[in-house]
Amino acid sequence: MAAAAASPSRLGDAAEIEAVTDAMIRLLVGTPLRSDGQLTIKSLAQEADVKRNKLTHKHTGLKGLFYALVRMQDARPKVVDDLKRKNDELQHKLTRLSAQHNQLRTCFQQLVRVLHVLKAENQQLRQSAGSDGGIRVLPVQHQPKG
């Protein structure tokens with residue numbers, strides 16, 4: 001049917017027609033090998049490994065057949081659905097990681113402020129310790145566990 005639609009005039013045309021029809025099948029089933037899987041003439045030419053003008057000027061019957069088959073298909077190709085699902089997963093992951101990043105940034109800023117306060121307090125304690133520079137260690141009271 002595809003050969004009749006393209007009306008091959010030379011032997012080389014038969015190989016192109018076969019490559020294009022095989023590419024059509026792969027795209028419509030959703031298992032592209034060489035293209036992005038979209039149902040366009042550009043993707044079909046890439047999938048068939050032929051120049052796009054071969055489809056738009058030379059094999060116009062194949063182009064028409066492809067568009068007719070695309071119109072008859074009521075669902076997107078599997079590869080497009082898979083890419084959409086993967087994109088949605090990555091968007092959710094990005095949102096989650098951004099929230100986690102913001103939380104860690106806030107914690108980091110708080111720790112930096114605490115560190116500055118502790119450094120200032122330490123400096124004041126050293127200055128108030130007197131000229132001998134001796135610092136007394138205070139006993140720590142342990143609370144029983146339980």
Checklist entry - Quick one: CZ on Phe66 to CG on Leu39, what's the gap to the nearest 0.5 Å? => result 5.0 Å
Item to check | Atom pair CG/CG of Leu65 and Leu55 - distance to nearest 0.5 Å | outcome: 11.0 Å
Checklist entry - Who pairs with Thr40 by side chain to side chain donor-acceptor pair (under 3.5 Å), at least two apart in sequence or on another chain? => result Ser43
Checklist entry - Should we say atom CD of Gln100 is surrounded by more than 12 heavy atoms from elsewhere, each under 6.0 Å from it? => result no
Item to check | Closest approach of Leu44 to Leu27 (non-hydrogen atoms, all atoms of both residues) | outcome: CA-CD1, 3.5 Å
Next on the checklist: Checking Lys54 now: which residues fulfil salt bridge (Lys or Arg N to Asp or Glu O under 4.0 Å) with it, not counting sequence neighbours?
Outcome noted: Glu16
Next on the checklist: With rounding to the nearest 0.5 angstrom, report the NE2 to CZ distance, His57 to Arg52.
Outcome noted: 10.0 Å
Item to check | Residue list, side chain to side chain donor-acceptor pair (under 3.5 Å) with Asn53, at least two apart or on another chain | outcome: none
Next on the checklist: Go through it in stages, so that I can follow the logic: the residues are Lys42 and Asp36, the test is side-chain contact (heavy atoms from CB on, under 4.5 Å), and I'd like the CA-CA distance, side-chain angles, deciding distance and then a yes or no.
Outcome noted: CA-CA 10 Å; Lys42 179 182 176 185; Asp36 57 9; over 6 Å; no
Item to check | Asp49 side, atom CG; Leu33 side, atom CG - distance, nearest 0.5 Å | outcome: 11.0 Å
Next on the checklist: So that I can tick it off, tell me whether Lys84 and Asp88 are bridged by a salt bridge, with the cut-off set at under 4.0 angstrom between side-chain N and carboxylate O.
Outcome noted: yes
Checklist entry - Below 4.0 angstrom, N of the basic side chain to O of the carboxylate: do Lys58 and Asp13 qualify? => result yes
Item to check | Those residues that, when tested against Glu89, pass salt bridge (Lys or Arg N to Asp or Glu O under 4.0 Å) (two or more places apart) | outcome: Arg85
Item to check | Any residue meeting side chain to side chain donor-acceptor pair (under 3.5 Å) with Ser35, in chain and number order, not counting sequence neighbours | outcome: Glu47
Item to check | Closest heavy-atom pair and its distance - Gly37, Pro32 | outcome: CA-CG, 3.7 Å
Checklist outcome for this item: Distance col, row Thr56:OG1 vs Ile41:CD1, nearest 0.5 angstrom, shows 8.0 Å
Checklist entry - Looking at CG of Leu111 and CG of Leu118, how far apart are the two atoms once the value is rounded to the nearest 0.5 Å? => result 10.5 Å
Item to check | Residue pairs fulfilling salt bridge (Lys or Arg N to Asp or Glu O under 4.0 Å) with at least one residue in residues 90-112, sequence neighbours excluded | outcome: none
